[in-house]
J.: 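The structure follows.
Quick note: numbers below take in every heavy atom, side chains included, and nothing from hydrogens, waters or symmetry partners.
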Amino acid sequence: VQLVESGGGLVQAGGSLSLSCAASGSILRIDDMGWYRQAPGKERELVAAITSGGSTNYADAVKDRFTVSRDNAKHTVYLQMNSLKPEDTAVYSCNADLLYLEYGLYVAHKTWGQGTQVTVSS
């Protein structure tokens with residue numbers, strides 16, 4: 001079981017980027033999914049989260065600029081980032097509360113993606 005992220009890269013301030021994160025493996029259920037970021041010298045912080053029912057939560061710094069969504073059939077969570085600012089520069093990682101089968105056993109585990117770099121130039 002793993003989370004694989006795609007997207008990210010370098011963009012100028014005011015631009016947009018889209019991230020996606022797909023879960024794969026013997027997944028039985030995905031509860032909350034979310035995106036976190038960590039800038040150099042700073043602690044990791046929650047950017048946006050979404051429940052299995054579609055309720056969302058955003059950090060104040062990204063409200064009205066970022067949109068989190070998910071496709072439950074594809075086990076994928078997305079982050080659309082608009083009006084990007086230099087202070088959004090960070091490594092972005094996805095996170096999901098997974099229930100899956102491993103060696104015939106049910107496992108509930110908060111799983112992380114590998115992270116993807118987002119750099120916003122001024």
Side-chain angles (χ1 to χ4, degrees):
V1 173
Q2 62 178 346
L3 298 179
V4 178
E5 297 151 351
S6 60
L10 174 65
V11 66
Q12 289 188 331
S16 298
L17 282 174
S18 180
L19 305 180
S20 64
C21 172
S24 62
S26 300
I27 297 169
L28 300 175
R29 189 181 75 228
I30 304 178
D31 294 320
D32 293 351
M33 304 182 83
W35 290 94
Y36 289 73
R37 68 185 181 186
Q38 187 168 21
K42 296 186 177 181
E43 293 187 355
R44 185 167 57 192
E45 62 177 355
L46 174 68
V47 176
I50 184 168
T51 68
S52 57
S55 296
T56 58
N57 181 42
Y58 295 93
D60 288 342
V62 306
K63 280 181 180 177
D64 301 323
R65 298 189 298 123
F66 290 12
T67 302
V68 62
S69 60
R70 63 190 284 172
D71 185 330
N72 291 329
K74 295 182 179 180
H75 294 169
T76 300
V77 62
Y78 306 94
L79 185 67
Q80 177 63 41
M81 304 182 290
N82 298 327
S83 302
L84 282 161
K85 304 175 181 179
E87 50 264 43
D88 294 320
T89 295
V91 174
Y92 285 69
S93 300
C94 65
N95 170 280
D97 292 329
L98 303 180
L99 177 67
Y100 55 92
L101 279 174
E102 187 173 74
Y103 304 117
L105 299 176
Y106 292 98
V107 178
H109 187 251
K110 185 179 291 291
T111 303
W112 290 88
Q114 79 280 7
T116 185
Q117 178 70 45
V118 171
T119 302
V120 184
S121 62
S122 58

J.: For Leu46 and Asn57: C-alpha separation, side-chain torsions, deciding distance, then whether side chain to side chain contact (heavy atoms under 4.5 Å, CB included) applies.
T.: CA-CA 9 Å; Leu46 174 68; Asn57 181 42; 3.8 Å; yes

J.: Should the ring pair Tyr92 and Phe66 be called parallel, tilted or perpendicular, given that the plane angle runs from 0 to 90° and is split at 30 and 60?
T.: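 Answer is tilted, since the angle falls between 30° and 60°.
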
J.: Between Asp31 and Ser52, does any side-chain donor sit less than 3.5 Å from a side-chain acceptor?
T.: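 No, because no side-chain N or O of Asp31 sits under 3.5 Å from a partner of the opposite role on Ser52.
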
J.: Is there side-chain contact between Leu10 and Gln117, with heavy atoms separated by less than 4.5 Å?
T.: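 A side-chain contact under 4.5 Å is absent here.
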
J.: Could you note down all residue pairs passing disulfide bond (SG atoms under 2.5 Å apart) where residues 49-122 supplies at least one of them, sequence neighbours left out?
T.: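 Matches after skipping sequence neighbours: Cys21-Cys94.
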
J.: Has the side chain of Arg70 got a donor or acceptor atom that lies under 3.5 Å from a matching backbone atom of Thr51?
T.: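 Such a contact is found between Arg70 side chain and Thr51 backbone.
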
J.: Between Leu79 and Val120, is there shared hydrophobic-cluster membership here, with clusters defined by ILVMFWY side-chain heavy atoms closer than 4.5 Å?
T.: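 Shared cluster, yes.
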
J.: Tell me whether Trp35 shares a hydrophobic cluster with Tyr78, the cluster being built from Ile, Leu, Val, Met, Phe, Trp, Tyr side chains joined at under 4.5 Å.
T.: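 Trp35 does not cluster with Tyr78.
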
J.: Do Tyr100 and Ile30 land in one hydrophobic cluster if side-chain heavy atoms of ILVMFWY residues count as linked below 4.5 Å?
T.: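 Tyr100 clusters together with Ile30.
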
J.: Would you say Ser122's side chain and Pro86's backbone share a donor-acceptor pair under 3.5 angstrom?
T.: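 Answer holds: no.
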
J.: Taking all atoms of both residues into account, what is the closest heavy-atom pair of Gln38 and Lys42, and its distance?
T.: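 That would be NE2-O, 3.1 Å.
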
J.: Measuring from atom CG of Asp64 to atom CG of Asn82, what distance do you get when rounded to the nearest 0.5 angstrom?
T.: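 Spacing of CG (Asp64) from CG (Asn82) equals 11.0 Å.
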
J.: Can you find a heavy atom in the side chain of Asp88 that is under 4.5 Å from one in the side chain of Arg37?
T.: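 Touching, per the 4.5 Å side-chain cut-off.
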
J.: When you compare the side chain of Glu5 with that of Leu19, does any pair of heavy atoms fall below 4.5 Å?
T.: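 No, side chains not in contact.
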
J.: Does any N or O in the side chain of Arg29 come within less than 3.5 Å of the main-chain N or O of Leu99, such that one atom is a donor and the other an acceptor?
T.: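 Checked: no pair found.
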
J.: Given side chains that start at C-beta, do those of Val118 and Met81 come closer than 4.5 Å, heavy atoms only?
T.: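 In contact.
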
J.: Taking a hydrophobic cluster as the set of Ile, Leu, Val, Met, Phe, Trp and Tyr residues connected by side-chain heavy atoms closer than 4.5 Å, whether directly or through intermediates, do Val91 and Met33 fall within one such cluster?
T.: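 Shared cluster, no.
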
J.: Which heavy atom of Ala23 sits nearest to which heavy atom of Leu98, and what is that distance?
T.: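 In this case the closest contact between Ala23 and Leu98 is CB-CD2, 4.5 Å.
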
J.: To the nearest 0.5 Å, what is the distance between CD1 (Ile50) and CG (Asp32)?
T.: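 Here the rounded value is 9.5 Å.
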
J.: Do Tyr36 and Leu3 belong together in a cluster built from hydrophobic side chains that touch within less than 4.5 Å?
T.: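 No; tracing contacts between hydrophobic side chains, which count when under 4.5 Å, never links both residues.
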
J.: Could you give me the CA-CA distance, side-chain angles and deciding distance for Lys63 and Asp60, then say whether salt bridge (charged side-chain N to carboxylate O under 4.0 Å, His left out) is met?
T.: CA-CA 5 Å; Lys63 280 181 180 177; Asp60 288 342; 3.2 Å; yes

J.: Please confirm whether the backbone N or O of Gly113 pairs with a side-chain atom of Ser93, one donor and one acceptor, at under 3.5 Å?
T.: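 No, because the side chain of Ser93 does not come within donor-acceptor range (under 3.5 Å) of the backbone of Gly113.
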
J.: Minimum heavy-atom separation for Lys110 to Asn95, with atom names?
T.: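 Minimum heavy-atom contact is CG-ND2, 3.0 Å.
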
J.: Which atom names give the shortest non-hydrogen contact between Thr76 and Ser20, and what distance separates them?
T.: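 Looking at all heavy atoms of both residues, the shortest contact is CG2-CB, 4.3 Å.
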
J.: How far apart are the closest heavy atoms of Ser16 and Gln80, and which atoms are they?
T.: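 Reported closest heavy-atom pair: CB-NE2, 3.9 Å.
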
J.: Could you check if a side-chain atom of Glu102 sits within less than 4.5 angstrom of a side-chain atom of His109, using non-hydrogen atoms only?
T.: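 Not touching, per the 4.5 Å side-chain cut-off.
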
J.: Answer yes or no: is there a donor N or O on one side and an acceptor on the other, between the side chain of Tyr58 and the main chain of Val68, under 3.5 Å?
T.: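 Yes.
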
